[in-house]
**Q** 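Here it is, the structure in full.
Note that the structure is predicted; figures quoted are calculated from it, not measured. Below, all heavy atoms of this structure are taken into account, side chains as well, without hydrogens, waters or symmetry copies. Chain A is the first sequence line, chain B the second, and so forth, proteins listed ahead of strands; every chain is numbered from 1.
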There are 2 protein chains.
Amino acid sequence: MNKNKDVAGEEPSGALMADVARLAGVAISTVSRALANPGRVNEKTRAKINAAARQLGYTPNAMARGLRVGKSNIIMIILPGSLYYGVSQIIPQVLQSINKSLIQGGYNLMIANLDRDEISERHILDLAFGGSVRGAIILSSKLPEVDGRSLANSGLPIVSMLLDMSDAGLQSVVTNDREAVRDVTAELIRLGHRRFFYLAGPEGNYHDVERYAGVLEALEAAGLSDELVRRSGGHLDYQHGFDIGVQAADDFAQLTEKPTAVIATSDDMAISFVSCIQRGGLRIPDDLSVVSFEGSPVCEFSSPPLSTIEQPVEEMGRAAVDLLLDAIDQRQKTAEVRTVIRSRLILRESVAAPKS
Amino acid sequence: MNKNKDVAGEEPSGALMADVARLAGVAISTVSRALANPGRVNEKTRAKINAAARQLGYTPNAMARGLRVGKSNIIMIILPGSLYYGVSQIIPQVLQSINKSLIQGGYNLMIANLDRDEISERHILDLAFGGSVRGAIILSSKLPEVDGRSLANSGLPIVSMLLDMSDAGLQSVVTNDREAVRDVTAELIRLGHRRFFYLAGPEGNYHDVERYAGVLEALEAAGLSDELVRRSGGHLDYQHGFDIGVQAADDFAQLTEKPTAVIATSDDMAISFVSCIQRGGLRIPDDLSVVSFEGSPVCEFSSPPLSTIEQPVEEMGRAAVDLLLDAIDQRQKTAEVRTVIRSRLILRESVAAPKS
DNA sequence: CGGTTTTTAGCAAACGTTTGCCAAAAACCG
DNA sequence: CGGTTTTTGGCAAACGTTTGCTAAAAACCG
């Protein structure tokens, strides 16, 4: 916002609508209308205004517009505390997908990082209550609240991604964790596997509950006992996936009756587990089949190439933005609070029939 | 921004400063001063105001403040077109580091994605010229320009990260690409390697120029010919690292005189190259030593664990924010346009002395 | 051509906060 | 206690854009 009113000509200069009006010889409100409501302004007048705006490199001041209209053009995305894990590209994928869709809808994307401390929760609530943002997409997190303020009470349109909060009435875009893991477990059963090793995320975590339930459902559907599956992990969060996998390799070494198939609930766990197991002399998939969850690109170049359930992150991002923009525009496009976008199993060389 | 003026009491309600003033029995300007310039308001009055603000859950409207003060509290980060690669965690690391530092400085972080098309370039320039953002950090990209508007001419404080633009007068935070690659090449030479295979990023790209120059410097310092190094790649961008590595494995297979050491300029290239080479029967590091650049976490769990040069991304993010905030506050903290933060070589099992 | 209807431009106020200025109140000092 | 200085609260205008309303201009029609 360069206030340099003395510069005339083609120089970009942070011109105001008032400058455009002066140059075009019309009122400020006519400029506003010509740009935002062209049908309300005579074509000849409009041409004059557009030429003046172009000459001055006029760019509207979004703060002024937001204040007058009472609506910001910013959407915040609330991200979980730690933005990076091991090989996961979920955050970059989500950001790119969402940003692209938002820009097409005329919005800008702001990052709000939810560290689960007071400072970051207050930051998010300030954005919501101060009118700075027009809506929120929240990724794998509960809604923040502090000082008697809760995001749930802010009146802000919100869409949850990855974490199903439809029970609480929150529009949610999720993938079919349970079904996907059930199907891959069924595939392992079909191959002949009867002993399973499950590498768990944090106990009670939505994703872990869903994924483990998928394993149990597949066992039940095959008429098998749920005692055929052993758990490792449960204490660390997904961002410590490598550590979970390393510990799981130790746990595995302690088992007298060795499982023949590993169901890891993140690519990180699988990768570090496989690395440690192989250093102990075991071979994948000859001695042990391995599947994981997430679909990180590097799985294709693991040794051996890792079978994984790929989450449809970009599609989910687009769906989340669509739902959010509908909520902002108060369009009732859909009665579904819960939108499920299916994950896809990618079978690679890490899975084979057990030896016997 | 709920305009519900009829609700009194503890209910969070998007209250205005005018509401706080009414409840505290003072003027609006006194509320403003009590919150922003406490020394200008009597302690008793201030207590009344703070209590009223707390009771109403008052949150300042950043758009109003920004408009009046003439300064936004938003910083944009301009990210390269594709946000995700293979195993790189640079984007999440940068975002987390920068966001944390900005919040401490009272700023919010907005994403601007530079796709190198008109729409995204115009989007960035609108943010800059419209006063929506107070500064910019640009990551691995040149400054956008379109329609006679250039980010360089916007008057906006800008810091470049990863790409050295200090020649153009732009504050730049970079790492020592050249020196780091020179040192790792020198280490390979010290181990006895005399034939090298260099997996290149895009020809002419700043990073590739620097890293390849490092290789040549090490050869020269050891009195060796630069003909001892063969290049592969040069056509694809870093985000296609896996593809570069796959193609490099083909190129390697064509070489009659096999190099004994590979210098890959990204972890993705190294990982996919190693995967393909191993499937062809070669062993790492017995037949071929491998080093790469970037320091992605998964390198520790590769087979074998991959030696890599780790970039100090978080520290660079912090430095970039410091420089940007200094420029915004017009503090002349440093005369250095170029800030170099050193990368660190992590030697793992992928590097050994050549067989003979 | 004159009366009626539609289109168009512009005035003025709004949005929520900040800050210069002034006057009143409080504090200080001999 | 009175004069002087400092502190404090409040008025009013500013920020850049939008939009309701009105009046004037243009278009329409018999």
**Q** Would you indicate whether the side-chain heavy atoms of B:S172 and B:M165 approach each other to under 4.5 Å?
**A** yes
**Q** Mind calculating the distance between CG (A:L67) and C1' (D:dG16) to the nearest angstrom?
**A** 9 Å
**Q** Whole-Å distance between D:dT17 C1' and A:R65 CZ?
**A** 9 Å
**Q** How long is the gap from CD1 on A:I98 to CD on A:E314, to the nearest 0.5 Å?
**A**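 With rounding to 0.5 Å, CD1 (A:I98) is 11.0 Å from CD (A:E314).
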**Q** Write out a two-atom table: protein N or O, nucleotide N or O from nucleotides 11-14 of chain D, distance below 3.5 Å.
**A**
residue	atom	partner	partner atom	Å
D:dC11	N4	B:S29	OG	3.1
D:dA14	N3	B:R68	NE	2.6

**Q** Distance check needed: D:dT17 P versus B:D126 CG, whole Å only.
**A**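 Those two atoms, CG and P, are 13 Å apart.
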**Q** Can you give me the N/O atom pairs linking the protein to nucleotides 5-7 of chain D at distances under 3.5 Å, or say none if there are none?
**A**
none

**Q** Does any part of the side chain of B:I137, heavy atoms only, come nearer than 4.5 Å to the side chain of B:I78, both counted from C-beta?
**A** no
**Q** Mind checking what makes side-chain hydrogen bond (donor to acceptor under 3.5 Å, both in side chains) contact with B:S29, not counting sequence neighbours?
**A**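 Once residues adjacent in sequence are excluded, B:S29 has no partner under the side-chain hydrogen bond (donor to acceptor under 3.5 Å, both in side chains) criterion.
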**Q** Where along residues 43-53 of chain A does a heavy atom fall under 4.0 Å from DNA chain D?
**A**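 Listed by number, there are none.
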**Q** If you compare all heavy atoms of B:L156 against all heavy atoms of B:A128, which two are closest, and at what distance to 0.1 Å?
**A** CD2-CB, 3.8 Å
**Q** Given side chains that start at C-beta, do those of A:E43 and A:R46 come closer than 4.5 Å, heavy atoms only?
**A** yes
**Q** Tell me, with the steps shown, if A:L170 and A:V337 meet side-chain contact (heavy atoms from CB on, under 4.5 Å).
**A** CA-CA 7 Å; A:L170 201 59; A:V337 186; 5.8 Å; no
**Q** Can you check whether any acceptor in the base of C:dG10 is under 3.5 Å from a donor in the side chain of A:R40, or vice versa?
**A**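 When only heavy-atom distances are counted, A:R40 does reach the base of C:dG10 through a donor-acceptor pair under 3.5 Å.
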**Q** Measure the spacing between CG of A:L324 and CG of A:L102 and express it to the nearest 0.5 Å.
**A**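 With rounding to 0.5 Å, CG (A:L324) is 7.0 Å from CG (A:L102).
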**Q** When you measure from the side chain of B:S32, which nucleotide among D:dT18, D:dT17, C:dT19 comes out closest?
**A** C:dT19
**Q** List the atom of A:S140, the atom of A:L163, and the distance in Å for their closest heavy-atom pair.
**A**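 Closest approach of A:S140 to A:L163, heavy atoms only: CA-CB, 4.0 Å.
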**Q** Can you give me the closest heavy-atom contact between B:Y206 and B:L162, atom names plus distance?
**A** CE2-O, 3.3 Å
**Q** For the helix from C:dC1-D:dG30 to C:dG30-D:dC1, what is the angle between the axes at its two ends, each from 5 pairs, rounded to 10°?
**A** 30°
**Q** If you define the side chain from C-beta out and look only at heavy atoms, does anything of B:R338 sit under 4.5 Å from B:Q171?
**A**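 They are not in contact (no side-chain heavy atoms under 4.5 Å apart), so the answer is no.
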**Q** Grab the two heavy atoms, one from A:L109 and one from A:L95, that are nearest each other, plus how far apart they are.
**A**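 Closest approach of A:L109 to A:L95, heavy atoms only: CD2-O, 4.0 Å.
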**Q** Take the protein atom CG of B:N73 and the nucleotide atom P of C:dG16, then report the distance between them rounded to whole Å.
**A**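 Roughly 18 Å, once rounded to whole Å.
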**Q** What is the distance, to the nearest angstrom, from the CG atom on B:L56 to the C1' atom on C:dG16?
**A**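 In whole Å, C:dG16 C1' and B:L56 CG are 15 Å from each other.
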**Q** Verify the contact: side-chain N or O of A:T30 to OP1 or OP2 of C:dA9, cut-off strictly under 4.0 Å; return yes or no.
**A** no
**Q** Of the nucleotides C:dT18, D:dT18, C:dG10, which one has an atom closest to the side chain of A:V26?
**A**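 Of all the options, the side chain of A:V26 is nearest to C:dG10.
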**Q** Restricting to non-hydrogen atoms, name the atom on B:N113 and the atom on B:L79 that form the minimum distance, rounded to 0.1 Å.
**A** OD1-O, 3.4 Å
**Q** Rounded to whole Å, please give me the gap between CE in A:M63 and P in C:dT18.
**A**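 Spelled out: CE on A:M63 to P on C:dT18 is 13 Å.
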**Q** Which pairs would a plain distance check flag for residues 118-126 of chain A, meaning a side-chain donor or acceptor within less than 3.5 Å of a matching protein atom at least two apart in sequence or in another chain?
**A**
residue	atom	partner	partner atom	Å
A:E118	OE1	A:R122	NH1	3.4
A:E118	OE1	A:R122	NH2	2.8
A:S120	OG	A:D115	N	2.9
A:S120	OG	A:D117	O	3.4
A:S120	OG	A:D117	OD1	2.8
A:E121	OE1	A:E145	N	3.0
A:E121	OE2	A:R116	NH1	3.0
A:R122	NE	A:D147	OD2	3.2
A:R122	NH2	A:D147	OD2	2.7
A:H123	NE2	B:N108	OD1	2.5
A:D126	OD1	A:R149	NH1	3.1
A:D126	OD1	A:R149	NH2	2.8

**Q** Tell me: CD1 of B:I28 to C1' of D:dG9, nearest whole Å?
**A**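 One finds 13 Å between C1' of D:dG9 and CD1 of B:I28, rounded.
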**Q** Between P on D:dT19 and CE on A:M17, what's the gap in Å once rounded to a whole number?
**A** 10 Å
